[in-house]
Structures are given as C-alpha cells and as structure tokens.
Amino acid sequence: MADISAPKGVRDILPDESWKWAYIFRVVQETALNFGYSEVHLPLFEHTELFARGIGDATDVVEKEMYTFLDKGDRSITLRPEATASMVRSYLEHGMGTLPQPVKLWCAGPMFRYERPQKGRYRQFWQVDFESLGSANPLVDVEIIALSVEIFRRLGLHQLEVVLNSVGCPVCRPGYRERLHRFFESRLDDLCDTCKGRLDRNPLRILDCKREGCKAVTEGAPAIYECLCDDCRDHFDAVKKGLHRLAIPYRLDNRLVRGLDYYTKTAYEVLSGSLGAQNAVCGGGRYDNLAEAIGGPHVPGVGFAAGVDRILMVMEQEGCSFGAEPSLDAYGVALDAGSRESVSDLVDHLRRNGVAADMDYGNRSMKTQLKAASQRRARYACIIGEGERQKGTVSVKDLATGEQREILSEDVVAAVRPRPSGDE
RNA sequence: GUGAGCGUAGUUCAAUCGGUUAGAGCACUGGACUGUGGCUCCAGAAGUUGGGGGUUCGAGUCCCCUCGCUCACCCCA
C-alpha cells in the first residue's frame, strides 16, 4: 500500500472509466445545442460571500460543508459547492441583462462539499448545470425539465422518476409556513428531536424528514397547493400542463422543499431507484429572487444541476451503452531490434495522417507485441522486419481475420485508415 | 458531526481453535513457439498482513489506540 493517497472523498477517474465520462459529456453537449444553451466555463472558486448569499447562510451547505480558506490577500475564498450562484454572478457581471431574454447557459465541472463520503457522494463531484436567466415564463420551467429528461433519455436511462412541487413565493409561503407551524405544534410529541428544532426555524423542512414517526405525522399536514397565491398557482398549473403536452410523466410531492426565500415556485428532482440513499441524479427549480439576494437587480431564473458521478453509476447498473470503446486503427510491430526505428517512423506517419496508431516501447518479443495489439483492440498490425525494410514494404495483418498482405510503405495509410467520413 | 461493518500482493480473495517459511485467481514479465496475436502449459517477479502499542512461548487472527475504506444517519447531485 502506497504511503501516499488521495484525500478523503476524492478519486481518480482512470482510463477504464474516463471514456465513459467523455461519452456522457458528448451527449450533454449535443443536447444543449439542440435546446439552444451555450456553454460557459466558470471559475472553481468564488468569494465566499457569493455562496453565503446565493445559497443561504442557514443551509447545511453553507453552514458546514464549504471548502473555505483565506488567500494570500486575506480574501475569504470558497471552492464552489454548486454552480447556480456563479452562473447568476456571471450574468450580472457581464451585463447579460441587455441581451435578448432568457439567456440560456450551461457548464460542466467539479463541485466541492465537505461531507462524509458514502455511495454516490464525494467531496469533489461533477455536475452539469443548466440555467435559463431572465424569464418568468412557465414554459421555460417546462423546457428545463424537458431538457434534463431528454439528456437522461439519450443516455439510455429509463428507471427514473420526476418529482415535482411548487414552493410558492414570498407572497404566499409565509402563510403556508404559519399553517404548518400550527399543525406541527399540536403534534409536537410525535416529532423527532431535530424536527422539534425545525419547527420555529423552518417548518417546511419537517416535511422532508425521513424518520417514520415524522413521516406519519406529515401525512396529514396541509399541502402547499392549498396556500399558493394566484400567481404561483397559475404558474404551477402552466408547468404541469406543459409537462402533460410534452408527455413527460411526473409525480407530485409536497414534501419536496427548498428552504430559502429566493427559491420560488417550481422545484423538482429526478430520482433513480438504483442508487442507494443518495438517489437524486438531478435537482432543480426556479429562483426568481436569487439575483437580488446577491446584490443585483430582479432577474428571474430557472435551472437544474445533474450529478455526473451518479448518472454514470446508474448507467452502469442499468447496463446502458457508452458508445464505442476507444481503440486503435493500427499497431506497429518490430520483428527485430534493427526495425524499431522504422516502426517508430511508420507510426508517426500514420498518426499525422489521422490514423490512431501506437507501438511497443519495451523491446518486447514480436509475439508479445502482437498480443499487445490484440489487447488494444487494434484493427491492423503493421509488421516490419529486415525483409520489409529492404523492400520498402510493410506487412499489414488484419487482426480480426488473420489475413495478411505485404504492401508498399506509402500505401499503408490508405490500407489502414478508418473508412473516410467524407469531409476530410 | 453520529453509528455500524471492513482493512492481507497492482487487483479480487484464501489462511482451521492463536501455531512452522502468509497462499491462489486475474493482471504483469519471460519461456514452450528465435517471422505471427487471442487458447493452453510452465516459470518469474510481486507483502512492513494500514500504522502504533498490548496480551502470549507464539498474533494476519485476541485487546486498546490511530488512520483509511465502505454503508447508513444528516444533507443533497
């Protein structure tokens, strides 16, 4: 066991896995293009204040899960625990309010949260994040949900469930909160200790509790639907209607909550049954008051983040395809020590002409080189020995059929090049 | 932060009640086959049994501490 190892909760994505990641990002990128979202690259760290205000100081994420440190200029810096706040910051900082609205952006990259690792939860984890900024139109909520569902569909995931709720807005939520408070107050004895504490701070969170006792109590709790203001109710109806039109199935769940005031109206998650306790592959919703919370003008927004680590986990479990595994077109094989330089030259020539080619650098026997060619799933072995060198030829062996022919060096590219895609 | 389970070769795992030199599959290297791969057979290399302390004639095995991993609570992607 090496005495040096990666820090707790982080991991290496090695070649046996990395090509699958690349596949997922490719699918996400194509889908983003289809839906009219443009990619941005955002910094991995921000001023701590952005997250404190943009996520909320009362949340667990901000209270105890952030990687925060002072830089050499004594600024408090935090590794981003999520992307939405950065996205809104970027929108405001670059005056995107002057562009046609909504501005539709996406990004991908690692997020950081100091949590105890477990299945599907890492301290550095990858998200793809989509945000649509500047429109309060419920059709945009529908688009966001449809986009996330489409990504999962293209990736081949089918055992997923969309869970939908509305969390109201600053107009109607206080009334609901009060009703909940009254309801739980009368059943205080049946609640767990943490929920007793939540009663005054944030009774909505009690709905989220997973303890059996609390769940039983919440069965009879008033639903937020009864308390939504006209605006929120119309919006919610429009979103539900939109999902119906697009034939996107969903389940309503009034336990799905977001604790803070700048989260408004639509809240949704996409859950997988095959993930263990960390079963959300995607979470999102509307945050019409977030831009103001971080010191900007009123900019409505809606978006989602999907966890790439978890998506991959579910895909593996459900036996989804990741496209073609990377392979070589040609593998150079030297019969003797004197031919190694010729093989090196040939491989370089192939590579410069768009052929995926590799060779052995370990002075291994010809047998072992051919073995390596098979293992790398090369289509052809390009063999050079003394005889070939004298004649200026290469023996090209089709590793699938075993068929071999000797061809002139200058014709090798044409012989092993993958079927031209037409526009090369 | 809390709880439970687990740490043996690169990796997946063995090792009887505490008993001699800690074994095997896969992977790796070489050979059988010196100009032809996948299969087979043979051989080789590979270990501070996570670390530290204790009990014992003797510890991979039992006890304590510590570190790490895993799962769950919590929270979320």
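Comparing the same atom, P, in B:G44 and in B:U56 gives a spacing of 41 Å after rounding to whole Å. Taking atom P in both B:G50 and B:G35, one finds a spacing of 47 Å when rounded to whole Å. Taking the P atoms as reference points, B:C73 lies 36 Å from B:C17, given to the whole Å. Spacing of C1' atoms, B:C6 relative to B:U61, comes out at 15 Å, to the nearest Å. Between the P atoms of B:U55 and B:C64, the separation comes to 15 Å (whole Å). For B:C41 and B:C33, the C1' atoms lie 12 Å apart once the distance is rounded to whole Å. Separating the P atom of B:U36 from that of B:A46 is a span of 32 Å, rounded to the nearest Å. Using atom C1' as the reference point in both B:A32 and B:C39, the two lie 14 Å apart (nearest Å).
Evaluation of atom-type donor-acceptor distances gives a pair under 3.5 Å for the side chain of A:Glu388 against the base of B:G35. Judged by atom type and distance alone, A:Arg121 reaches the base of B:C74 through a side-chain donor-acceptor pair under 3.5 Å. Counting atom types as modelled, A:Gln369 pairs no side-chain N or O with a base atom of B:U36 as donor and acceptor under 3.5 Å. For A:Ser374 and B:G37, a side-chain-to-base donor-acceptor distance below 3.5 Å is present, hydrogens and geometry of angles not being considered.
Judged by distance alone, the side chain of A:Ser38 and the main-chain N or O of A:Leu105 form no donor-acceptor pair under 3.5 Å.
Using a cutoff of 4.0 Å between basic side-chain nitrogens and carboxylate oxygens, A:Arg340 and A:Asp360 are scored as salt-bridged. Using a 4.0 Å cut-off between charged side-chain N and carboxylate O, A:Glu325 and A:Lys20 make no salt bridge. Between A:Asp141 and A:Arg286 a salt bridge is recorded (basic side-chain N to carboxylate O distance below 4.0 Å).
Between the side chains of A:Glu388 and A:Ser395, at least one donor N or O lies within less than 3.5 Å of an accepting N or O. Between A:Ser342 and A:Ser339, the side chains place no donor N or O within less than 3.5 Å of an acceptor N or O (distance only, hydrogens not considered). Side-chain atoms of A:Glu143 and A:Ser132 include no donor-acceptor pair closer than 3.5 Å.
Side-chain nitrogen and oxygen atoms of A:Lys367 include none within less than 4.0 Å of the OP1 or OP2 phosphate oxygen of B:U36. Close to B:U2, at under 4.0 Å from its OP1 or OP2, lies no side-chain N or O of A:Arg116. Proximity of A:Lys64 to the phosphate of B:G1: no side-chain N or O atom is located under 4.0 Å from OP1 or OP2. Residue A:Gln375 has no polar side-chain atom (N or O) positioned under 4.0 Å from OP1 or OP2 of B:C26. In terms of phosphate contacts, A:Gln118 brings a side-chain nitrogen or oxygen within less than 4.0 Å of OP1 or OP2 of B:C73.
The aromatic rings of A:Phe304 and A:Phe130 lie parallel to each other, their planes meeting at an angle below 30°, with 60° marking the opposite boundary. Aromatic ring orientation, A:Phe236 versus A:Tyr225: parallel (interplanar angle below 30°, classes split at 30° and 60°).
Each of A:Glu386 and A:Lys8 was assigned the nucleotide of RNA chain B with the nearest heavy atom; the assignment lying further toward the 5' end belongs to A:Glu386. Two residues, A:Glu82 and A:Gly385, neighbour RNA chain B, and the one matched to the more 5' nucleotide by heavy-atom proximity is A:Gly385.
Within the 4.0 angstrom heavy-atom criterion, only backbone atoms of the sugar-phosphate kind lie near A:Ala305; the bases stay farther away. A:Phe304 comes within contact range of no nucleotide atom at all, as no heavy-atom separation falls under 4.0 Å. If you check every strand for non-hydrogen atoms under 4.0 Å, A:Ile311 touches nothing. Within 4.0 Å (heavy atoms only), A:Gly387 reaches at least one base atom of the nucleic acid. Here A:Glu65 lies in heavy-atom contact (under 4.0 Å) with sugar-phosphate atoms only. Contact annotation for A:Asn279: base contact, defined as any heavy-atom pair under 4.0 Å involving a base atom.
When rounded to the nearest whole Å, the span between CG of A:Leu14 and P of B:G10 equals 16 Å. If you measure from atom NZ of A:Lys371 to atom P of B:U36, you get 15 Å, rounded to the nearest angstrom. Between the C1' atom of B:G35 and the CZ atom of A:Arg389 lies a distance of 13 Å, rounded to the nearest Å. Atom CG in A:Leu335 sits about 8 Å away from atom C1' in B:U36, given to the nearest Å. Atom pair A:Ile151:CD1 and B:A77:C1' shows a separation of 13 Å (rounding to whole Å applied). Rounded to whole Å, the distance from CE on A:Met111 to C1' on B:C76 is 13 Å. If you take CZ of A:Arg405 and P of B:U36, they are 21 Å apart, rounded to a whole angstrom. For the pair A:Glu115 CD and B:A72 P, the computed distance is 13 Å after rounding to whole Å.
Of the listed nucleotides (B:C71, B:G35, B:G37), B:C71 has the atom at the smallest distance from the side chain of A:Lys119. Among the nucleotides B:A77, B:U36, B:G30, the one closest to any side-chain atom of A:Thr368 is B:G30. If you check B:A77, B:G37, B:U29 against the side chain of A:Phe125, the one that comes closest is B:A77.
Pair assignment for B:G30 gives B:C42, based on Watson-Crick or G-U wobble hydrogen-bonding distances that are each under 3.5 Å. As the counterpart of B:U48, no nucleotide is assigned, since no Watson-Crick or G-U wobble pattern has both distances under 3.5 Å. Using N1 to N3 plus N6-O4 or O6-N4 for Watson-Crick, or N1-O2 and O6-N3 for G-U wobble, each under 3.5 Å, B:U36 pairs with nothing. With a cut-off of 3.5 Å on both Watson-Crick or G-U wobble distances, the partner of B:U11 is given as B:G25. Base pairing of B:C71 is made with B:G3, judged by Watson-Crick or G-U wobble geometry with both donor-acceptor distances under 3.5 Å. Both distances falling under 3.5 Å, in either a Watson-Crick or a G-U wobble arrangement, occur for no nucleotide opposite B:U16.
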